[in-house]
Amino acid sequence: MNDAVTDTPSGARDDPARDYRDTVFLPQTSFPMRGDLPRKEPQILAKWEAMDLWGKIRASSAGRPLFILHDGPPYANGHLHIGTALNKILKDVVNRTRQMAGFDANYIPGWDCHGLPIEWKIEEEYRAKKQDKDAVPILDFRAECRAYANHWMGVQATEFRRLGVEGAWRDRYATMDRPSEAAIAGEICKFLLNGALYRGLRPVMWSPVEKTALAEAEIEYHDHTSATIWVRFPIVKAPPQPVQDIVPGPMPDPWWMSELEGASVVIWTTTAWTIPGNRAVAAGPEFDYAVIRVDAVADGSLARPGEKIVIAEALLPAVLKDTGITAHTVLHVVKGADLAGTIMAHPLRGAEGADGGYDQDTPLLLADFVTTEAGTGFVHIAPGHGEDDFILGRANGLDVPETVGDDGTFNAWVPLFAGAHVYKAADPVSTALIAAGTLLARGKITHSYPHSWRSKAPLIFRATPQWFIPMDGPHRIREKALDAIAATQFVPDQGRNRIGSMIAARPDWCISRQRAWGVPITVFVEKQTGEPLRDPAVVGRITQAFETEGADAWYSSPPSRFLGNDYNPDDFEQVMDIVDVWFESGSTHAFVLEKRGLPWPADLYLEGSDQHRGWFHSSLLEAVGTRGVAPFKAVLTHGFVNDEKGRKMSKSLGNTTAPDEVADKFGVDILRLWVMSSDTTEDLRIGPEILKQQAELYRRLRNTLRWVLGSLDGFSEAERMPVEQMPELERWVLHRLTELDARFRAAVQSYDWTGVYPELHNFCAVDLSAFYFDIRKDALYCDRPDSPRRRAARTVLDHLHRYLCTWLAPVLCFTAEEAWCARFAPSSSGDDTSVHLELFQTPPANWHDDTLAAKWETIRSIRRRITVPIEECRKTNVIGSSLQAAVELPLNADHETLLDAAAWSEIAIVSSVTLVPDTDGSPVKVTPASGAKCARCWRVLPVVGSNATHPSRCLRCTDAVESGRVCKPAA
RNA sequence: GGGCUGGUAGCUCAGCGCCAGAGCACACGCUUGAUAAGCGUGAGGUCGGACGGUUCAAAUCCUCCCCGGCCCA
């Protein structure tokens, strides 16, 4: 308590003009109204760094139940954007709330470092220096990639920490760390050793000029003129089921389908060289296909009058024109679905010199990628020469012929065309088809075609050996993954469905890439058998070497180092492919959790919804394949950040919001508040107006804290009052705290934070600022310090300060710290006090009082009946301040005992209330209060002026002043 | 084109079968002892569209369409 002020000497009359301000307890605090966040936040960060806050948090929570949010690694390339900021802030809030709810939330942030984008950056630098990548030793190249990733990890770490994200930054993980590379190789070898790793063929985009595979982003599309061919596939066996003709008219013989034998299915392709690789024809199940008889043809047409061909009805006019058919009869129309099971001959069946190499059957399959935009409505399927073809082929057990070599020429085994280059294959293929009688027409088309970004040469899809993890078969990875999904908590729950349908439909996982910057697939293949070597001793030598030297050891060591004395290196081929980066990040659980002795599986994975196909997916498959279960107990997803109109952000549209700009202009706490004010399970929006709104919300929170701090000035434990002795108003506030507490605890459990912080804001604005604080200002400012009413209020304010600071700490991590230290660490520098070392407060059971809450709900609704007529009196200039009002309040029998008249005047902040019985819903009457205004508390009361010595004060204020205990605010 | 998802006041969000809600912003007023603050009052929406369906009753269920977003093709 501050120095008491002596009133005027007893007996002397007061000066009516006296200013009583210095006898009133006005809020007093060092906590400024303006946040000044962009300047202050870095100072607070520096303080945390200096006191080793992270270390102290860990030490303080030792022994508590662990909570592991396993960090999905962002790619170590470029500055943070708003999406990564959202993700990390949300993670930080979840971690902090769990920490403050009593867990030991040890968060280890990490990075994804390998992969194409960094390779490209380094290659780009080479090109700028006119250097050839292939001339650089691979270890040098990898070292440059490593340095590049390292640089960006540092940049992003700084940016994340500026966002207030707390974690084990010194112990961060990176996929390119040596132990990580060793662990990743170890995971690959788990699949190798348990037999779930096989080598198969798969088409990839290939440049015959550079003799290399290319990734999607290395491909440029340019116009290219290709030869086109229309080819007959003679039907040798009609579909198995009798089907009804769908042409209107007389009902045909249901067995007409047998007529299809002898007819031909016609395909159209722009890549004649893929015909030798054909293994099927696909039709669209929903399309109508016409069986026609050719009646007349133009000169030079390869069509034959009298022959029967099948073509999609929608494309019939175009095909007739292109093939020179001038007259025809539609015999039947049939759904594509009904053609399934038709067996055709390969168009080169029986060709001279082919030696029976094309005599295999060609099935007709159904596929939803077939369109009727161009062609014939039938697609020729060469599983080695197209993504769709490959997947359809796998699903139907087709083989993947390896027809083309790395230089773009046909392999020696390919009948008729061995050694020919695919770029020049259109003529020989056409000639052979003409000889076989199956070419229906030829043409040319100019279309957009993939080319190499480097050589500008046209590319081909070519079957190449790749490494796969099977989804089905003895390891039942698909089935186990689906079981694991069923056992996982998804927030929101739709995520289960989304990842589930992907897992259910996906093909085998191709984990090999023909690249340099990554972890090699550490496998030796026995040359004679083509089988991978499965020897735990060899695996052990590999992972051991990687542990200290990293994956570079694979490139720098002779194979004998790994093969040991049991094998002759000459008998083995060392695989030089690297593993898919998704396999790497899918293995982080192994080296970040398991290897470090943290609990496994993780409690939570938390990423953007795109990671259903990405990290959640690969982590699930990796863990199921090696451990049989998911590496996470729960998966939380958030949406994407769009602009204020809900449009995707793009530099060209100029609608981007960068996190560092928000930090510099508003402060990080505003950005964090934005995250928690949004529904993060859906897409979110951000922009100038939305940020401005967040700044408004922040101001209210900040001013609430400020007023609490100011009104608590000088609070001493001696003032504290037990709940039982408090007025109902105070007990109602404490009850509200129990309600909010329940909301927080539920959110901590469920990870569902939507609406929680808006509700806290609502509490501050509506329950506290506009109601409780407004009412209690009179007692806090004007009562003597030992007044029970004031003591009760200050006790509640003490609780409010602790509850609000701790609740806000996970989100407004800087502001809450400031408000906490403003009270508990006023000495500032060198002090180790931090709100982040606190736990959430636990409300005593006796604070909860539903009956009281219901009663005060009624009181507040009656209060609203009073404020309306007061407002009307203001309009007519009868009164200004509500303290100038006297109210006549009619109450019905149910309400007349709620409060007494004095309490009503307190609650309504008026100078007097008269209660009258309400029998017919009579309105509240407001009149100017009679009496004079107390110069100290401004209430208008009849007693003011009745005391000759103290003519300008009311009784309460006279007592307060004469007690000699009212303070003069510290200067 | 397919899978998942969203479209309720200027903004952020509730409501998800039975009279359109909250906070913020806005307007007006009060206060000048939370003052680059605080209080009060008020205005504002045919709930994306359908002179579509189901129902006694639809923002809420169904169908179609339009506009976004993520992932595939």
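The figures that follow rest on heavy atoms only: side chains count, while hydrogens, waters and symmetry mates do not. Just so it is clear: chains get the letters A, B, ... in the order the sequence lines come, proteins before strands, and each one is counted from 1.
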- [ ] Determine which nucleotide pairs with A34(B), using a 3.5 Å limit on both distances of a Watson-Crick or G-U wobble pair.
- [x] none
Open item on the list: How many whole angstroms separate atom CD of E689(A) from atom P of G10(B)?
Closed with: 11 Å
Task: Pairing nucleotide - A22(B), Watson-Crick or G-U, each distance under 3.5 Å - done: U12(B)
Open item on the list: Please confirm whether the ring centroid of W732(A) lies under 6.0 Å from the ring centroid of F771(A).
Closed with: yes
Task: Among C71(B), A34(B), U12(B), the nucleotide that comes nearest once only the side chain of F773(A) is considered - done: A34(B)
- [ ] Check whether any side-chain nitrogen or oxygen of R647(A) sits under 4.0 Å from OP1 or OP2 of G68(B), and answer yes or no.
- [x] yes
TODO: Would you indicate what N703(A) reaches in the nucleic acid, counting non-hydrogen atoms under 4.0 angstrom: base, sugar-phosphate, or nothing?
DONE: base
Open item on the list: Both distances below 3.5 Å, Watson-Crick or wobble geometry, any strand: find the nucleotide opposite C64(B).
Closed with: G49(B)
Open item on the list: Could you report the tightest heavy-atom contact between F31(A) and R706(A), atom names first, then the distance?
Closed with: O-NH1, 3.1 Å
TODO: May I ask you to say what G755(A) touches in the nucleic acid, namely base, sugar-phosphate or nothing, with a heavy-atom cut-off under 4.0 Å?
DONE: nothing
Open item on the list: Classify R936(A) by what it touches in the nucleic acid, base, sugar-phosphate, or nothing, heavy-atom distance under 4.0 Å.
Closed with: base
Open item on the list: Looking at C39(B), I'd like to know if its phosphate oxygens (OP1 or OP2) sit under 4.0 Å from a side-chain N or O belonging to R700(A).
Closed with: yes
Open item on the list: Nearest 0.5 Å, please: how far is CD1 in I870(A) from NZ in K875(A)?
Closed with: 12.5 Å
Open item on the list: With hydrogens left out and only the distance checked, is there a donor-acceptor pair under 3.5 Å joining R706(A)'s side chain and the base of A34(B)?
Closed with: no
- [ ] Between G49(B) and G7(B), how far apart are the P atoms? Round to whole Å, please.
- [x] 13 Å
Open item on the list: For A25(B) and K692(A) - does any side-chain N or O of the residue sit under 4.0 Å from the phosphate oxygens OP1/OP2?
Closed with: no
- [ ] Could you work out the separation of G53(B) and U60(B) based on their C1' atoms and round it to a whole Å?
- [x] 15 Å
- [ ] State whether T867(A) places a side-chain N or O below 4.0 Å from either non-bridging phosphate oxygen (OP1 or OP2) of C39(B).
- [x] no
TODO: Quote, to the nearest angstrom, the C1' distance that separates G44(B) from G2(B).
DONE: 41 Å
- [ ] For C51(B) versus C47(B), give the span between their P atoms, rounded off to a whole number of Å.
- [x] 11 Å
Short heteroatom pairs, N/O only, protein and nucleotides 30-32 of chain B, under 3.5 Å:
residue : atom : partner : partner atom : Å
C30(B)  : O2'  : R874(A) : NE           : 3.3
C30(B)  : O2'  : G880(A) : O            : 3.0

Task: Residues R702(A) and E818(A) bridged, charged N to O under 4.0 Å - done: yes
TODO: Let me know which of L889(A), I907(A), I866(A), V924(A) forms a side-chain contact (heavy atoms from CB on, under 4.5 Å) with V913(A).
DONE: L889(A)
Open item on the list: Does a side-chain N or O of Y781(A) approach OP1 or OP2 of A34(B) to a distance below 4.0 Å, or not?
Closed with: yes
Open item on the list: Can you tell me the base-pairing partner of C28(B)? Count Watson-Crick or G-U wobble geometry only, both distances below 3.5 Å, and say none if there is no partner.
Closed with: G40(B)
Task: U5(B) and A58(B), which share atom name P, separated by this distance in whole Å - done: 26 Å
Task: Pairing partner of A59(B) (Watson-Crick or G-U wobble, both distances under 3.5 Å) - done: none
Task: Any-strand Watson-Crick or G-U partner of C70(B), both distances under 3.5 Å - done: G3(B)
Output one line per pair: protein atom, nucleotide atom from nucleotides 2-9 of chain B, and distance, for all N/O pairs under 3.5 Å.
residue : atom : partner : partner atom : Å
U5(B)   : O2'  : E682(A) : OE1          : 2.9

Open item on the list: Using a heavy-atom cut-off of 4.0 Å across all strands, would you classify T754(A) as base, sugar-phosphate, or nothing?
Closed with: sugar-phosphate
- [ ] Record whether the side chain of S711(A) comes under 3.5 Å of the base of A34(B) through a donor-acceptor pair of N or O atoms.
- [x] no
Open item on the list: Please verify the inter-ring angle class for Y781(A) with W707(A); under 30° counts as parallel, over 60° as perpendicular, anything in between as tilted.
Closed with: tilted
TODO: Could you measure between the two C1' atoms, the one in A9(B) and the one in A73(B), and give it in whole Å?
DONE: 40 Å
Open item on the list: What's the gap between G68(B) and U63(B) when it is taken at their P atoms, as a whole Å value?
Closed with: 23 Å
TODO: Looking at every strand, decide which applies to H612(A) at a 4.0 Å heavy-atom threshold: base, sugar-phosphate, or nothing.
DONE: nothing
Open item on the list: What's K645(A) touching, base or sugar-phosphate or nothing? Going by heavy atoms closer than 4.0 Å.
Closed with: nothing
Open item on the list: Can you see if the side chain of R699(A) gets near the phosphate of A37(B) - specifically, an N or O under 4.0 Å from OP1 or OP2?
Closed with: yes
TODO: Name the nucleic acid region contacted by A695(A), choosing base, sugar-phosphate or nothing; use a 4.0 angstrom heavy-atom cut-off, strictly under.
DONE: nothing
Open item on the list: Tell me whether D959(A) is salt-bridged to R956(A), with the criterion being a basic N under 4.0 Å from an acidic carboxylate O.
Closed with: no
TODO: If U54(B) has a Watson-Crick or G-U wobble mate with both distances under 3.5 Å, name it; if not, just say none.
DONE: none
